[in-house]
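The structure appears right after this line, and notes come after that.
Counting starts at 1 for both ligands and their atoms, in listed order. Both backbone and side-chain heavy atoms feed into the values below; hydrogens, waters and symmetry mates do not. Worth saying up front: this structure is predicted, and the values here are computed from it rather than measured. Starting from 1, each residue takes its place in the sequence as its number.
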Amino acid sequence: MEVRRKIIIGNWKMNGQSKDLVDINLLLKKITQKEIDIVIAPPATLLYEFNGLNTQKNLLLSGQNCHQVELGAYTGEISAAMLKNAGANYVILGHSERRKAYKETSTLVRLKASEAVKQGLTPIICVGEHLKSYESNQTLNVIEKQLRVSLNSKIICDNPVIAYEPVWAIGSNKTPSPEEIETVHSFTRNHLSNRFGEHAANHCRIIYGGSVNKNNASKIFSLNNVDGGLIGGASLKAIDFLELIMIMKNSLT
Ligand code: 13P
């Protein structure tokens with residue numbers, strides 16, 4: 001029995017100001033959470049305003065990162081509790097841009113995910129290989145290691161979303177083939193099943209991210225073990241994101 005609802009997440013990264021909320025109003029009028037989960041991860045500065053506009057709860061909201069401890073003297077950081085307080089339901093953790101720029105490790109991702117769960121946020125845990133690993137057939141080894149360290153049974157109880165984002169596919173207009181994506185996703189599902197049991201494997205959503213656009217989305221969203229998409233560039237304009245939302249709805253069987 002299918003227990004996983006498909007989910008589409010727009011990651012705005014470091015883009016967006018108050019003026020962009022006009023576009024969001026357009027999006028809010030055209031969507032509902034009826035068939036799939038629709039999430040936007042705006043910059044933290046806009047979360048609260050987003051939440052205010054989102055009176056019908058047509059959108060779910062996500063942070064893009066959080067700190068691993070609850071509060072304290074960490075200048076410039078944002079806690080999971082603050083994201084929750086501003087209206088977020090999810091938080092993206094371990095995005096490759098953070099792993100690269102801020103040297104975030106899978107161990108740190110696990111600590112952040114634990115804190116997120118504690119504060120009532122669902123983590124969206126990103127994994128993905130660099131081009132060099134892809135080219136030397138090391139993808140599954142890299143993914144296995146990242147999953148092994150990033151997850152534990154407490155985090156799994158919250159049914160985290162796992163996002164497979166090959167680093168080389170992000171913003172590059174390149175993607176792995178549908179067969180390659182399916183291979184990584186079914187490998188991830190098996191990893192969850194072997195380590196945490198069937199329930200976890202059936203309930204955690206495994207989504208794909210990296211250069212998803214209107215031309216490739218239908219193929220990717222229809223894959224057996226793909227439960228959704230993590231969208232960067234194509235989520236910034238409501239009209240583009242809406243198109244992907246429609247494609248995902250059409251991919252439902
Ligand atoms: P693009 O869709 O722009 O490739 O970005 C993917 C991504 O990094 C989403 O988190």
Side-chain angles (χ1 to χ4, degrees), residues 6-16 20 23 27 36-44 46-47 50 59-66 83 88-102 104 106 109 112-113 116 121-131 133-134 139 142-143 146 150 160-178 180-181 184-185 188 205-221 223 226-248 251:
K6 286 210 174 181
I7 182 168
I8 186 163
I9 304 167
N11 176 10
W12 280 18
K13 308 189 180 184
M14 200 173 72
N15 297 287
D20 300 304
D23 211 32
L27 187 69
I36 59 172
D37 289 341
I38 304 168
V39 185
I40 292 222
L46 290 185
L47 264 178
F50 255 70
L59 260 184
L60 296 165
L61 297 177
S62 176
Q64 297 181 11
N65 173 46
C66 71
L83 293 175
N89 318 87
Y90 293 86
V91 60
I92 298 172
L93 295 172
H95 192 284
S96 66
E97 287 152 14
R98 294 203 60 86
R99 288 180 189 261
K100 181 166 183 244
Y102 307 104
E104 290 196 1
S106 295
V109 172
K112 289 182 175 209
L121 293 176
T122 299
I124 300 159
I125 297 178
C126 302
V127 295
E129 81 286 2
H130 285 269
L131 184 60
S133 304
Y134 172 75
T139 299
V142 171
I143 302 301
Q146 290 177 334
S150 304
V161 176
I162 314 281
Y164 169 50
E165 293 206 308
V167 181
W168 53 273
I170 294 174
S172 65
N173 240 341
K174 292 184 193 140
T175 62
S177 69
E180 288 171 322
I181 294 174
V184 174
H185 282 231
T188 301
R205 291 177 286 189
I206 305 170
I207 68 175
Y208 171 81
S211 292
V212 176
N213 58 44
K214 62 180 180 186
N215 301 318
N216 59 26
S218 168
K219 262 212 168 118
I220 295 173
F221 294 161
L223 292 168
V226 172
D227 303 314
L230 181 51
I231 319 296
S235 73
L236 292 176
K237 288 210 179 87
I239 191 162
D240 296 337
F241 196 47
L242 265 172
E243 204 162 0
L244 294 181
I245 290 169
M246 291 318 298
I247 293 173
M248 182 169 288
S251 78

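- Heavy-atom minimum distance, Ser62 versus Ile124: OG-CD1, 3.8 Å.
- Polar contact check, Leu230 against ligand 1: no nitrogen or oxygen pair lies under 3.5 Å apart.
- At a 3.5 angstrom cut-off on N or O pairs, Ile170 does not count as close to ligand 1.
- The side-chain heavy atoms of Asn65 and His95, taken from C-beta on, include no pair separated by under 4.5 Å.
- Taking the side chain as every heavy atom from C-beta outward, Ile170 and Glu97 approach each other to under 4.5 Å.
- Near Gly210, the atoms of ligand 1 lying under 4.0 angstrom from a non-hydrogen atom of the residue are 4 (O), 6 (C).
- Close N/O approach between Ser172 and ligand 1 is not found [any backbone or side-chain N/O within under 3.5 Å].
- Screening Asn11, Asp20, Leu47 against Pro42 for a side-chain contact (heavy atoms from CB on, under 4.5 Å) leaves a single residue, Leu47.
- When each atom of ligand 1 is checked for a heavy atom of Glu165 under 4.0 Å away, the hits are 6 (C), 7 (C), 8 (O), 9 (C), 10 (O).
- Which parts of ligand 1 touch Ser211 is read off a 4.0 Å heavy-atom cut-off, strictly below it: atoms 1 (P), 2 (O), 4 (O).
- Proximity of Glu129 to Ile143: side-chain heavy atoms (C-beta onward) are separated by under 4.5 Å at one or more points.
- Across all their heavy atoms, Pro166 and Gly209 have their closest contact at CD-O, 3.4 Å.
- Of the heavy atoms in Asn11, only side-chain atoms (C-beta onward) come closer than 4.0 Å to ligand 1.
- For Gly209, the heavy-atom gap to ligand 1 stays at 4.0 angstrom or more.
- Proximity to Gly233 (heavy-atom distance under 4.0 Å) selects the following atoms of ligand 1: 1 (P), 2 (O), 3 (O).
- Using a 4.5 Å heavy-atom threshold, the side chains of Pro176 and Trp168 count as touching.
- Considering backbone and side-chain N/O atoms, Ala234 never comes within less than 3.5 Å of an N/O atom of ligand 1.
- Here is the list of ligand 1 atoms found below 4.0 Å of a heavy atom in His95: 7 (C), 8 (O), 9 (C), 10 (O).
- The protein heavy atom nearest to atom 2 (O) of ligand 1 is Gly232 N, 2.9 Å.
- For the pair Asn89 and Leu61, the minimum side-chain heavy-atom distance is below 4.5 Å.
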